[in-house]
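In listed order, ligands and their atoms are each counted from 1.
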Amino acid sequence: MYSNKTDPVAIVAPAARPADAHKKVDTKAIQALDAKHYMHAFTDTKSLGQVGARVIVKGQGIYIWDSEGKRLLDGMSGLWCMNVGYGRTTIADAVHAQMQELPYYNSFFQTTNVPAVQLAAKLVEISPAHFNHVFFAGSGSEGNDTNLRLIRRYWDLKGAKERNIIISRENAYHGSTIAGASLGGMSGMHDQQIGVTIPNIVHIGQPYYVEGGKGKTPEEFGLVAAGWLEQKILEVGAERVAAFIAEPVQGAGGVIIPPSTYWPEIQRICDKYGILLVADEVICGFGRLGTWFGSDYFGIKPDLITFAKGVTSGYIPMGGVLVGDRVADVLIEHGGDFNHGFTYSGHPVAAAAALENIRIIQEEKLIEKVHNETGPYLAKKFGELNDHPLVSIAETCGFVAGLNLVKKKGPTLHECEAFDSSLEVGMICRGHMFGNGMIMRAVGDRMIIAPPLVTTVEQIDEMVGLIRFCLDATLEDLKKRELI
Ligand SMILES: *Cc1c(COP(=O)(O)O)cnc(C)c1O
(Lines give C-alpha, C1' and ligand atoms only; values in the text may rest on other atoms or scores of the structure.)
Protein backbone atom coordinates (compact mmCIF):
# COMPACT_ATOMS: atom_id res chain seq x y z
CA MET A 1 0.00 0.00 0.00
CA TYR A 2 1.58 3.26 -1.08
CA SER A 3 0.37 5.28 1.89
CA ASN A 4 2.35 2.96 4.11
CA LYS A 5 5.60 4.22 2.66
CA THR A 6 7.63 7.23 3.61
CA ASP A 7 9.10 9.35 0.86
CA PRO A 8 12.87 9.03 1.46
CA VAL A 9 13.61 12.13 -0.62
CA ALA A 10 11.99 14.27 2.04
CA ILE A 11 14.55 13.19 4.64
CA VAL A 12 17.64 14.80 3.15
CA ALA A 13 17.19 18.26 1.72
CA PRO A 14 18.25 18.20 -1.94
CA ALA A 15 20.63 21.11 -1.41
CA ALA A 16 22.58 19.36 1.36
CA ARG A 17 26.34 19.85 0.94
CA PRO A 18 28.77 17.32 2.41
CA ALA A 19 30.34 19.89 4.76
CA ASP A 20 27.13 20.41 6.68
CA ALA A 21 25.34 17.27 5.55
CA HIS A 22 24.62 16.18 9.10
CA LYS A 23 22.57 19.32 9.75
CA LYS A 24 20.24 18.33 6.93
CA VAL A 25 19.70 14.75 8.05
CA ASP A 26 16.85 13.77 10.29
CA THR A 27 18.63 11.02 12.21
CA LYS A 28 15.53 9.52 13.79
CA ALA A 29 13.69 9.35 10.47
CA ILE A 30 16.62 7.69 8.69
CA GLN A 31 17.03 5.21 11.55
CA ALA A 32 13.34 4.36 11.44
CA LEU A 33 13.44 3.78 7.67
CA ASP A 34 16.65 1.81 8.06
CA ALA A 35 15.08 -0.43 10.67
CA LYS A 36 12.03 -0.92 8.51
CA HIS A 37 13.59 -1.77 5.17
CA TYR A 38 17.33 -2.30 5.23
CA MET A 39 18.79 -5.71 6.09
CA HIS A 40 22.41 -4.95 6.93
CA ALA A 41 25.33 -7.27 6.28
CA PHE A 42 26.27 -9.60 9.16
CA THR A 43 23.68 -7.96 11.42
CA ASP A 44 20.82 -8.97 13.70
CA THR A 45 18.17 -6.81 12.03
CA LYS A 46 15.78 -7.09 14.97
CA SER A 47 18.18 -5.91 17.65
CA LEU A 48 19.72 -3.20 15.45
CA GLY A 49 16.22 -1.91 14.80
CA GLN A 50 15.74 -1.48 18.53
CA VAL A 51 18.85 0.67 19.06
CA GLY A 52 19.04 2.36 15.66
CA ALA A 53 22.01 2.41 13.32
CA ARG A 54 24.59 5.18 13.45
CA VAL A 55 24.13 7.25 10.29
CA ILE A 56 27.45 8.14 8.66
CA VAL A 57 27.22 11.23 6.48
CA LYS A 58 30.70 12.48 5.67
CA GLY A 59 34.36 11.50 5.50
CA GLN A 60 37.59 13.46 5.24
CA GLY A 61 41.10 12.03 5.59
CA ILE A 62 41.01 9.46 8.38
CA TYR A 63 37.83 10.83 9.99
CA ILE A 64 34.13 10.26 9.44
CA TRP A 65 31.14 12.15 10.83
CA ASP A 66 27.73 10.87 11.84
CA SER A 67 24.40 12.60 11.33
CA GLU A 68 24.60 14.12 14.82
CA GLY A 69 27.84 15.86 13.92
CA LYS A 70 30.03 13.52 15.98
CA ARG A 71 33.51 12.91 14.57
CA LEU A 72 35.06 9.43 14.63
CA LEU A 73 38.64 8.43 13.88
CA ASP A 74 38.26 5.57 11.42
CA GLY A 75 40.77 3.03 12.65
CA MET A 76 39.28 0.41 10.30
CA SER A 77 39.60 2.29 6.97
CA GLY A 78 35.90 1.74 6.43
CA LEU A 79 36.07 -2.03 6.01
CA TRP A 80 39.83 -2.38 5.40
CA CYS A 81 39.54 -0.51 2.13
CA MET A 82 39.93 3.26 2.54
CA ASN A 83 43.69 3.13 1.94
CA VAL A 84 44.08 6.68 0.57
CA GLY A 85 41.58 8.15 3.03
CA TYR A 86 38.26 9.89 2.54
CA GLY A 87 37.51 12.99 0.52
CA ARG A 88 39.78 12.46 -2.49
CA THR A 89 38.38 14.87 -5.05
CA THR A 90 40.69 13.63 -7.81
CA ILE A 91 39.08 10.17 -7.59
CA ALA A 92 35.66 11.81 -7.71
CA ASP A 93 36.81 13.80 -10.75
CA ALA A 94 38.17 10.72 -12.52
CA VAL A 95 34.90 8.90 -11.90
CA HIS A 96 32.85 11.88 -13.07
CA ALA A 97 34.85 12.26 -16.27
CA GLN A 98 34.66 8.53 -17.07
CA MET A 99 30.91 8.46 -16.41
CA GLN A 100 30.42 11.22 -18.94
CA GLU A 101 32.68 9.60 -21.53
CA LEU A 102 31.64 5.96 -21.22
CA PRO A 103 29.76 4.90 -18.07
CA TYR A 104 29.71 1.23 -18.99
CA TYR A 105 30.56 -1.34 -21.54
CA ASN A 106 31.15 -5.07 -21.24
CA SER A 107 34.11 -7.23 -22.19
CA PHE A 108 32.10 -10.23 -23.42
CA PHE A 109 31.72 -9.35 -27.10
CA GLN A 110 35.39 -9.22 -28.12
CA THR A 111 35.29 -5.64 -26.85
CA THR A 112 37.30 -3.77 -24.27
CA ASN A 113 37.57 -0.30 -22.74
CA VAL A 114 40.52 2.00 -22.18
CA PRO A 115 40.55 2.33 -18.35
CA ALA A 116 40.24 -1.45 -17.83
CA VAL A 117 43.17 -2.11 -20.19
CA GLN A 118 45.26 0.59 -18.53
CA LEU A 119 44.44 -0.78 -15.11
CA ALA A 120 45.34 -4.35 -16.12
CA ALA A 121 48.73 -3.08 -17.32
CA LYS A 122 49.19 -1.06 -14.12
CA LEU A 123 48.38 -4.05 -11.91
CA VAL A 124 50.89 -6.16 -13.83
CA GLU A 125 53.49 -3.41 -13.32
CA ILE A 126 53.08 -3.25 -9.53
CA SER A 127 52.65 -6.98 -8.87
CA PRO A 128 55.40 -9.63 -8.66
CA ALA A 129 57.16 -10.35 -11.97
CA HIS A 130 55.39 -13.64 -12.77
CA PHE A 131 51.98 -11.92 -12.93
CA ASN A 132 51.10 -10.80 -16.44
CA HIS A 133 47.31 -11.20 -16.58
CA VAL A 134 44.30 -9.87 -14.70
CA PHE A 135 40.73 -11.14 -14.48
CA PHE A 136 38.33 -8.45 -13.26
CA ALA A 137 35.33 -8.98 -11.00
CA GLY A 138 33.10 -6.79 -8.90
CA SER A 139 34.26 -7.77 -5.40
CA GLY A 140 36.61 -9.92 -3.38
CA SER A 141 34.03 -12.68 -3.13
CA GLU A 142 33.67 -12.76 -6.90
CA GLY A 143 37.45 -12.80 -7.13
CA ASN A 144 37.54 -15.97 -5.06
CA ASP A 145 34.73 -17.52 -7.11
CA THR A 146 36.95 -16.77 -10.09
CA ASN A 147 39.86 -18.49 -8.37
CA LEU A 148 37.79 -21.62 -7.91
CA ARG A 149 36.91 -21.61 -11.61
CA LEU A 150 40.51 -20.96 -12.65
CA ILE A 151 41.85 -23.73 -10.41
CA ARG A 152 39.38 -26.30 -11.76
CA ARG A 153 40.04 -25.27 -15.35
CA TYR A 154 43.81 -25.38 -14.85
CA TRP A 155 43.89 -28.93 -13.48
CA ASP A 156 41.36 -30.09 -16.04
CA LEU A 157 43.57 -28.81 -18.87
CA LYS A 158 46.59 -30.43 -17.20
CA GLY A 159 44.75 -33.75 -17.43
CA ALA A 160 44.48 -34.02 -13.66
CA LYS A 161 40.76 -33.62 -12.99
CA GLU A 162 41.17 -35.67 -9.84
CA ARG A 163 43.13 -32.79 -8.32
CA ASN A 164 39.98 -31.15 -7.02
CA ILE A 165 40.56 -30.64 -3.31
CA ILE A 166 41.25 -27.14 -2.07
CA ILE A 167 42.81 -26.65 1.33
CA SER A 168 41.93 -23.53 3.29
CA ARG A 169 42.16 -22.54 6.94
CA GLU A 170 39.85 -22.28 9.89
CA ASN A 171 38.86 -18.71 10.71
CA ALA A 172 39.83 -17.56 7.21
CA TYR A 173 37.67 -15.00 5.43
CA HIS A 174 37.30 -15.31 1.67
CA GLY A 175 33.99 -13.53 1.12
CA SER A 176 30.31 -14.26 1.42
CA THR A 177 29.17 -15.85 -1.82
CA ILE A 178 28.69 -19.62 -1.55
CA ALA A 179 32.21 -20.16 -2.87
CA GLY A 180 33.64 -17.44 -0.63
CA ALA A 181 31.96 -18.79 2.46
CA SER A 182 32.89 -22.38 1.59
CA LEU A 183 36.52 -21.43 1.08
CA GLY A 184 36.43 -19.36 4.25
CA GLY A 185 36.68 -20.94 7.65
CA MET A 186 34.19 -18.88 9.61
CA SER A 187 32.20 -21.30 11.71
CA GLY A 188 29.33 -18.83 12.06
CA MET A 189 28.94 -18.74 8.29
CA HIS A 190 29.28 -22.50 7.80
CA ASP A 191 26.67 -23.10 10.49
CA GLN A 192 24.13 -21.12 8.47
CA GLN A 193 24.73 -22.80 5.14
CA ILE A 194 24.33 -26.43 6.02
CA GLY A 195 24.10 -28.49 2.86
CA VAL A 196 25.25 -25.71 0.55
CA THR A 197 28.97 -25.63 1.20
CA ILE A 198 30.93 -26.59 -1.90
CA PRO A 199 32.38 -30.10 -1.63
CA ASN A 200 36.11 -30.88 -1.65
CA ILE A 201 37.12 -27.84 0.36
CA VAL A 202 38.90 -28.81 3.59
CA HIS A 203 40.38 -26.68 6.35
CA ILE A 204 43.47 -26.74 8.53
CA GLY A 205 44.26 -24.77 11.70
CA GLN A 206 45.32 -21.12 11.62
CA PRO A 207 48.80 -19.90 12.60
CA TYR A 208 47.52 -18.08 15.68
CA TYR A 209 50.28 -18.13 18.28
CA VAL A 210 48.08 -16.84 21.12
CA GLU A 211 45.71 -19.77 20.59
CA GLY A 212 48.06 -22.61 19.74
CA GLY A 213 51.60 -21.66 20.65
CA LYS A 214 51.77 -22.65 24.30
CA GLY A 215 55.18 -24.05 25.23
CA LYS A 216 56.73 -23.05 21.91
CA THR A 217 58.53 -20.03 20.55
CA PRO A 218 56.64 -18.23 17.76
CA GLU A 219 59.20 -19.59 15.28
CA GLU A 220 58.66 -23.17 16.45
CA PHE A 221 54.91 -22.74 16.34
CA GLY A 222 55.05 -21.28 12.80
CA LEU A 223 56.66 -24.51 11.56
CA VAL A 224 54.11 -26.63 13.42
CA ALA A 225 51.19 -24.68 11.92
CA ALA A 226 52.66 -24.90 8.40
CA GLY A 227 53.14 -28.62 9.00
CA TRP A 228 49.36 -29.00 9.28
CA LEU A 229 49.22 -28.30 5.55
CA GLU A 230 51.54 -31.19 4.76
CA GLN A 231 49.63 -33.46 7.13
CA LYS A 232 46.37 -32.61 5.36
CA ILE A 233 47.92 -33.13 1.93
CA LEU A 234 49.10 -36.61 2.95
CA GLU A 235 45.76 -37.37 4.59
CA VAL A 236 43.65 -36.62 1.50
CA GLY A 237 46.31 -37.81 -0.97
CA ALA A 238 48.84 -35.49 -2.60
CA GLU A 239 47.61 -36.37 -6.10
CA ARG A 240 44.16 -35.06 -5.21
CA VAL A 241 45.11 -31.59 -3.92
CA ALA A 242 44.54 -28.69 -6.32
CA ALA A 243 45.40 -25.63 -4.26
CA PHE A 244 45.98 -23.99 -0.91
CA ILE A 245 44.33 -20.61 -0.29
CA ALA A 246 45.16 -18.20 2.50
CA GLU A 247 45.33 -14.55 3.47
CA PRO A 248 48.96 -13.45 4.10
CA VAL A 249 47.66 -11.92 7.36
CA GLN A 250 44.12 -13.02 8.24
CA GLY A 251 42.00 -9.89 8.51
CA ALA A 252 38.38 -10.51 9.49
CA GLY A 253 39.51 -13.48 11.57
CA GLY A 254 41.15 -10.96 13.91
CA VAL A 255 44.44 -9.77 12.37
CA ILE A 256 46.18 -13.11 12.80
CA ILE A 257 49.85 -12.34 12.12
CA PRO A 258 51.73 -15.56 11.31
CA PRO A 259 55.17 -16.19 12.85
CA SER A 260 58.07 -15.46 10.47
CA THR A 261 58.72 -19.16 9.86
CA TYR A 262 55.19 -19.91 8.62
CA TRP A 263 55.03 -18.64 5.05
CA PRO A 264 58.43 -19.92 3.83
CA GLU A 265 57.47 -23.38 5.06
CA ILE A 266 54.03 -23.15 3.39
CA GLN A 267 55.75 -22.18 0.14
CA ARG A 268 58.13 -25.13 0.45
CA ILE A 269 55.23 -27.54 0.98
CA CYS A 270 53.21 -26.17 -1.95
CA ASP A 271 56.26 -26.46 -4.21
CA LYS A 272 57.05 -29.98 -3.00
CA TYR A 273 53.60 -31.29 -3.93
CA GLY A 274 53.08 -29.05 -6.98
CA ILE A 275 49.89 -27.52 -5.62
CA LEU A 276 48.73 -24.04 -6.57
CA LEU A 277 49.17 -21.33 -3.96
CA VAL A 278 46.43 -18.71 -3.81
CA ALA A 279 47.06 -15.56 -1.80
CA ASP A 280 43.84 -13.77 -0.90
CA GLU A 281 45.25 -10.24 -0.80
CA VAL A 282 41.91 -8.44 -0.58
CA ILE A 283 43.14 -6.79 2.63
CA CYS A 284 46.94 -7.11 2.36
CA GLY A 285 47.12 -5.75 -1.21
CA PHE A 286 47.79 -2.12 -2.12
CA GLY A 287 50.12 -1.21 0.68
CA ARG A 288 48.46 -2.50 3.82
CA LEU A 289 51.64 -4.17 5.09
CA GLY A 290 54.01 -1.51 3.72
CA THR A 291 54.56 -3.45 0.49
CA TRP A 292 52.37 -3.57 -2.61
CA PHE A 293 51.21 -7.06 -1.69
CA GLY A 294 51.40 -9.24 1.41
CA SER A 295 53.18 -11.77 -0.80
CA ASP A 296 56.02 -9.25 -1.19
CA TYR A 297 56.12 -8.78 2.58
CA PHE A 298 56.40 -12.50 3.31
CA GLY A 299 58.51 -13.31 0.25
CA ILE A 300 56.13 -15.88 -1.23
CA LYS A 301 55.35 -16.64 -4.86
CA PRO A 302 51.63 -17.35 -5.20
CA ASP A 303 50.07 -18.54 -8.48
CA LEU A 304 46.91 -16.49 -8.02
CA ILE A 305 46.25 -13.29 -6.06
CA THR A 306 42.75 -12.15 -5.12
CA PHE A 307 42.34 -8.37 -4.91
CA ALA A 308 39.50 -5.94 -4.08
CA LYS A 309 39.10 -3.31 -1.31
CA GLY A 310 42.33 -1.25 -1.58
CA VAL A 311 42.43 -1.44 -5.41
CA THR A 312 39.94 1.46 -5.48
CA SER A 313 40.22 2.37 -1.78
CA GLY A 314 36.53 1.47 -1.72
CA TYR A 315 35.46 4.51 -3.75
CA ILE A 316 33.80 2.22 -6.30
CA PRO A 317 33.38 -1.56 -5.95
CA MET A 318 35.94 -3.65 -7.80
CA GLY A 319 37.74 -6.94 -7.32
CA GLY A 320 39.48 -9.60 -9.32
CA VAL A 321 42.36 -11.99 -9.65
CA LEU A 322 45.97 -11.52 -10.70
CA VAL A 323 46.63 -14.64 -12.73
CA GLY A 324 50.21 -15.88 -12.53
CA ASP A 325 52.03 -17.24 -15.58
CA ARG A 326 51.77 -20.86 -14.44
CA VAL A 327 47.97 -20.76 -14.71
CA ALA A 328 47.56 -18.15 -17.46
CA ASP A 329 49.98 -19.91 -19.84
CA VAL A 330 48.06 -23.18 -19.62
CA LEU A 331 44.67 -21.56 -20.22
CA ILE A 332 45.90 -19.35 -23.04
CA GLU A 333 48.03 -21.95 -24.83
CA HIS A 334 45.24 -24.51 -24.74
CA GLY A 335 42.73 -22.03 -26.12
CA GLY A 336 38.96 -22.29 -25.91
CA ASP A 337 36.60 -20.00 -24.02
CA PHE A 338 36.95 -19.68 -20.28
CA ASN A 339 33.25 -19.69 -19.50
CA HIS A 340 33.26 -17.24 -16.64
CA GLY A 341 32.79 -13.52 -16.09
CA PHE A 342 30.54 -10.84 -14.68
CA THR A 343 28.48 -8.04 -16.18
CA TYR A 344 30.70 -5.60 -14.33
CA SER A 345 34.05 -7.28 -15.06
CA GLY A 346 36.40 -4.47 -16.10
CA HIS A 347 33.85 -1.74 -15.36
CA PRO A 348 35.33 1.44 -16.88
CA VAL A 349 34.24 3.70 -14.00
CA ALA A 350 35.66 1.37 -11.34
CA ALA A 351 38.86 1.07 -13.39
CA ALA A 352 39.13 4.86 -13.61
CA ALA A 353 38.75 5.08 -9.82
CA ALA A 354 41.41 2.37 -9.35
CA LEU A 355 43.87 4.08 -11.70
CA GLU A 356 43.56 7.38 -9.85
CA ASN A 357 43.77 5.58 -6.48
CA ILE A 358 46.98 3.82 -7.50
CA ARG A 359 48.36 7.07 -8.89
CA ILE A 360 47.79 8.70 -5.48
CA ILE A 361 49.44 5.78 -3.67
CA GLN A 362 52.49 6.18 -5.92
CA GLU A 363 52.65 9.97 -5.99
CA GLU A 364 52.33 10.32 -2.22
CA LYS A 365 54.67 7.36 -1.64
CA LEU A 366 52.16 5.91 0.81
CA ILE A 367 53.65 2.43 0.72
CA GLU A 368 57.18 3.69 1.37
CA LYS A 369 55.78 5.81 4.21
CA VAL A 370 54.07 2.86 5.87
CA HIS A 371 57.16 0.73 5.32
CA ASN A 372 59.78 3.20 6.56
CA GLU A 373 58.07 5.65 8.85
CA THR A 374 54.46 5.27 9.98
CA GLY A 375 54.41 1.46 10.12
CA PRO A 376 57.41 1.25 12.47
CA TYR A 377 55.99 4.18 14.48
CA LEU A 378 52.63 2.41 14.83
CA ALA A 379 54.48 -0.74 15.93
CA LYS A 380 56.24 1.23 18.66
CA LYS A 381 53.23 3.21 19.90
CA PHE A 382 50.73 0.33 19.67
CA GLY A 383 53.31 -1.93 21.30
CA GLU A 384 53.31 0.38 24.33
CA LEU A 385 49.77 -0.85 25.04
CA ASN A 386 51.37 -4.12 26.16
CA ASP A 387 51.75 -2.47 29.58
CA HIS A 388 47.98 -2.08 30.02
CA PRO A 389 46.43 -4.33 32.69
CA LEU A 390 43.76 -5.58 30.24
CA VAL A 391 46.18 -6.42 27.43
CA SER A 392 47.98 -9.76 27.09
CA ILE A 393 49.55 -8.92 23.75
CA ALA A 394 49.49 -5.90 21.42
CA GLU A 395 51.12 -6.44 18.01
CA THR A 396 51.24 -4.94 14.53
CA CYS A 397 52.26 -5.86 11.01
CA GLY A 398 52.53 -2.87 8.70
CA PHE A 399 49.24 -1.03 9.11
CA VAL A 400 47.19 -3.77 10.78
CA ALA A 401 47.24 -4.27 14.52
CA GLY A 402 45.55 -6.36 17.18
CA LEU A 403 45.48 -6.65 20.95
CA ASN A 404 43.95 -9.27 23.22
CA LEU A 405 41.84 -8.39 26.24
CA VAL A 406 42.36 -10.65 29.27
CA LYS A 407 40.90 -10.87 32.74
CA LYS A 408 44.24 -11.38 34.43
CA LYS A 409 47.75 -11.05 33.09
CA GLY A 410 50.16 -13.91 33.72
CA PRO A 411 53.95 -14.21 33.70
CA THR A 412 53.77 -15.27 30.02
CA LEU A 413 51.30 -14.79 27.19
CA HIS A 414 49.95 -18.31 27.58
CA GLU A 415 49.41 -18.01 31.33
CA CYS A 416 46.97 -15.10 31.11
CA GLU A 417 43.39 -15.70 32.23
CA ALA A 418 40.83 -15.12 29.48
CA PHE A 419 37.37 -13.67 29.98
CA ASP A 420 34.35 -15.92 29.66
CA SER A 421 33.52 -15.44 25.98
CA SER A 422 29.80 -15.13 26.72
CA LEU A 423 30.53 -11.81 28.47
CA GLU A 424 31.47 -10.34 25.10
CA VAL A 425 34.11 -8.11 26.64
CA GLY A 426 35.33 -7.19 23.17
CA MET A 427 31.94 -5.70 22.37
CA ILE A 428 31.94 -3.78 25.65
CA CYS A 429 35.33 -2.36 24.73
CA ARG A 430 34.15 -1.54 21.21
CA GLY A 431 31.26 0.38 22.75
CA HIS A 432 33.68 2.56 24.71
CA MET A 433 35.77 3.10 21.56
CA PHE A 434 32.78 4.21 19.47
CA GLY A 435 31.46 6.32 22.33
CA ASN A 436 34.76 8.19 22.49
CA GLY A 437 35.15 8.72 18.77
CA MET A 438 37.41 5.78 17.88
CA ILE A 439 36.48 3.01 15.47
CA MET A 440 38.19 -0.18 16.58
CA ARG A 441 36.71 -3.56 15.75
CA ALA A 442 36.20 -6.48 18.14
CA VAL A 443 36.74 -10.08 17.04
CA GLY A 444 35.88 -11.99 20.17
CA ASP A 445 38.15 -10.42 22.78
CA ARG A 446 40.75 -9.33 20.22
CA MET A 447 40.55 -5.64 19.31
CA ILE A 448 41.83 -4.76 15.86
CA ILE A 449 42.60 -1.79 13.63
CA ALA A 450 43.65 -1.23 10.02
CA PRO A 451 44.00 2.54 9.66
CA PRO A 452 44.13 4.43 6.36
CA LEU A 453 47.64 4.48 4.90
CA VAL A 454 47.60 8.30 5.03
CA THR A 455 47.54 8.30 8.84
CA THR A 456 50.37 10.57 10.05
CA VAL A 457 52.69 10.16 13.03
CA GLU A 458 50.67 12.80 14.92
CA GLN A 459 47.45 10.99 14.10
CA ILE A 460 48.95 7.71 15.32
CA ASP A 461 49.62 9.47 18.64
CA GLU A 462 46.02 10.64 18.72
CA MET A 463 44.72 7.17 17.79
CA VAL A 464 46.77 5.19 20.29
CA GLY A 465 46.00 7.81 22.94
CA LEU A 466 42.30 7.31 22.30
CA ILE A 467 42.70 3.53 22.42
CA ARG A 468 44.47 3.73 25.78
CA PHE A 469 41.82 6.09 27.15
CA CYS A 470 39.09 3.66 26.05
CA LEU A 471 40.94 0.65 27.49
CA ASP A 472 41.01 2.51 30.82
CA ALA A 473 37.28 3.23 30.50
CA THR A 474 36.65 -0.44 29.70
CA LEU A 475 38.64 -1.53 32.75
CA GLU A 476 36.64 0.81 35.03
CA ASP A 477 33.40 -0.40 33.49
CA LEU A 478 34.34 -4.08 33.98
CA LYS A 479 35.25 -3.39 37.62
CA LYS A 480 31.92 -1.65 38.16
CA ARG A 481 30.07 -4.62 36.65
CA GLU A 482 32.23 -6.91 38.83
CA LEU A 483 33.45 -8.80 35.78
CA ILE A 484 37.06 -8.41 36.79
C1 LIG B 1 36.63 -8.52 2.37
C2 LIG B 1 37.32 -9.76 1.97
C3 LIG B 1 36.83 -10.59 0.95
C4 LIG B 1 35.49 -10.35 0.31
O5 LIG B 1 35.44 -9.18 -0.43
P6 LIG B 1 34.00 -8.58 -0.81
O7 LIG B 1 34.36 -7.42 -1.69
O8 LIG B 1 33.32 -8.19 0.47
O9 LIG B 1 33.26 -9.63 -1.54
C10 LIG B 1 37.57 -11.69 0.56
N11 LIG B 1 38.74 -11.95 1.14
C12 LIG B 1 39.25 -11.20 2.12
C13 LIG B 1 40.57 -11.54 2.71
C14 LIG B 1 38.54 -10.09 2.58
O15 LIG B 1 39.01 -9.36 3.59
Side-chain angles (χ1 to χ4, degrees), residues 39-43 76-83 135-151 166 168-186 188-190 193 198 201 203 206-208 243-258 263 277-289 293-295 297-298 300 302 304-322 342-345 347 350-351 353-354 357 397-402 441 443 446 448-452:
M39 290 180 83
H40 292 220
F42 289 89
T43 295
M76 281 307 300
S77 301
L79 208 48
W80 319 86
C81 54
M82 203 28 84
N83 289 15
F135 196 101
F136 288 114
S139 68
S141 301
E142 289 179 3
N144 281 326
D145 276 59
T146 301
N147 278 328
L148 204 63
R149 302 290 301 273
L150 284 167
I151 293 164
I166 297 176
S168 179
R169 301 185 300 187
E170 290 157 13
N171 200 35
Y173 189 76
H174 296 303
S176 196
T177 52
I178 299 284
S182 300
L183 288 167
M186 295 282 173
M189 294 173 78
H190 282 265
Q193 54 169 23
I198 292 170
I201 296 172
H203 295 80
Q206 56 178 340
Y208 186 24
F244 174 63
I245 181 169
E247 303 151 81
V249 171
Q250 281 152 273
V255 179
I256 309 299
I257 304 164
W263 272 113
L277 175 58
V278 185
D280 183 341
E281 300 252 17
V282 170
I283 286 175
C284 295
F286 303 92
R288 181 54 55 198
L289 304 184
F293 293 93
S295 299
Y297 183 93
F298 290 108
I300 52 171
L304 299 164
I305 287 179
T306 326
F307 65 89
K309 295 186 173 122
V311 67
T312 57
S313 283
Y315 277 74
I316 297 271
M318 174 175 255
V321 177
L322 299 173
F342 303 99
T343 304
Y344 303 125
S345 288
H347 196 291
N357 173 61
C397 182
F399 250 31
V400 291
R441 182 168 169 181
V443 178
R446 188 162 163 92
I448 60 175
I449 52 168

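Those atoms of ligand 1 with a heavy atom of Ser141 less than 4.0 angstrom away are 4 (C), 5 (O), 6 (P), 9 (O). Near Asp280, meaning under 4.0 Å from any of its heavy atoms, are these atoms of ligand 1: 10 (C), 11 (N), 12 (C), 13 (C). Contact atoms of ligand 1 toward Gly140: 4 (C), 5 (O), 6 (P), 7 (O), 9 (O) (distance under 4.0 Å to a heavy atom of the residue). Annotation for ligand 1: atoms under 4.0 Å from non-hydrogen atoms of His174 are 10 (C), 11 (N). Counting the atoms of ligand 1 from 1 in the order shown, those under 4.0 Å from a heavy atom of Glu247 are 13 (C). Residue Tyr173 approaches ligand 1 through these ligand atoms, each under 4.0 Å from one of its heavy atoms: 1 (C), 2 (C), 3 (C), 4 (C), 11 (N), 12 (C), 13 (C), 14 (C). Each of the atoms 15 (O) of ligand 1 lies under 4.0 Å from some heavy atom of Ile283.
Paired with Thr306 under the rule side-chain hydrogen bond (donor to acceptor under 3.5 Å, both in side chains), one option of Asn147, Thr146, Asp145 passes, and it is Asn147.
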| said: Could you go through Met76 and Met82, starting from their C-alpha distance and side-chain angles, then the distance that decides it, and tell me whether this counts as side-chain contact (heavy atoms from CB on, under 4.5 Å)? | reply: CA-CA 8 Å; Met76 281 307 300; Met82 203 28 84; over 6 Å; no
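Shown here for Pro248 and Phe298, the closest heavy-atom pair between the two residues is O-CE1, 3.6 Å. Residues Trp80 and Ala450 come closest through the heavy atom pair CE3-CB, 3.4 Å.
Under 3.5 Å, the side chains of Asn357 and Asn83 contain no donor-acceptor pair of N or O atoms.
Between Met189 and Phe42, the closest side-chain pair of non-hydrogen atoms falls below 4.5 Å.
The aromatic rings of Phe244 and Trp263 sit tilted, their planes meeting at an angle between 30° and 60°.
Of the protein's non-hydrogen atoms, Lys309 NZ, 3.0 Å is the one closest to atom 14 (C) of ligand 1.
Of the N or O atoms in Glu142, none lie within a sub-3.5 Å distance of an N or O in ligand 1.
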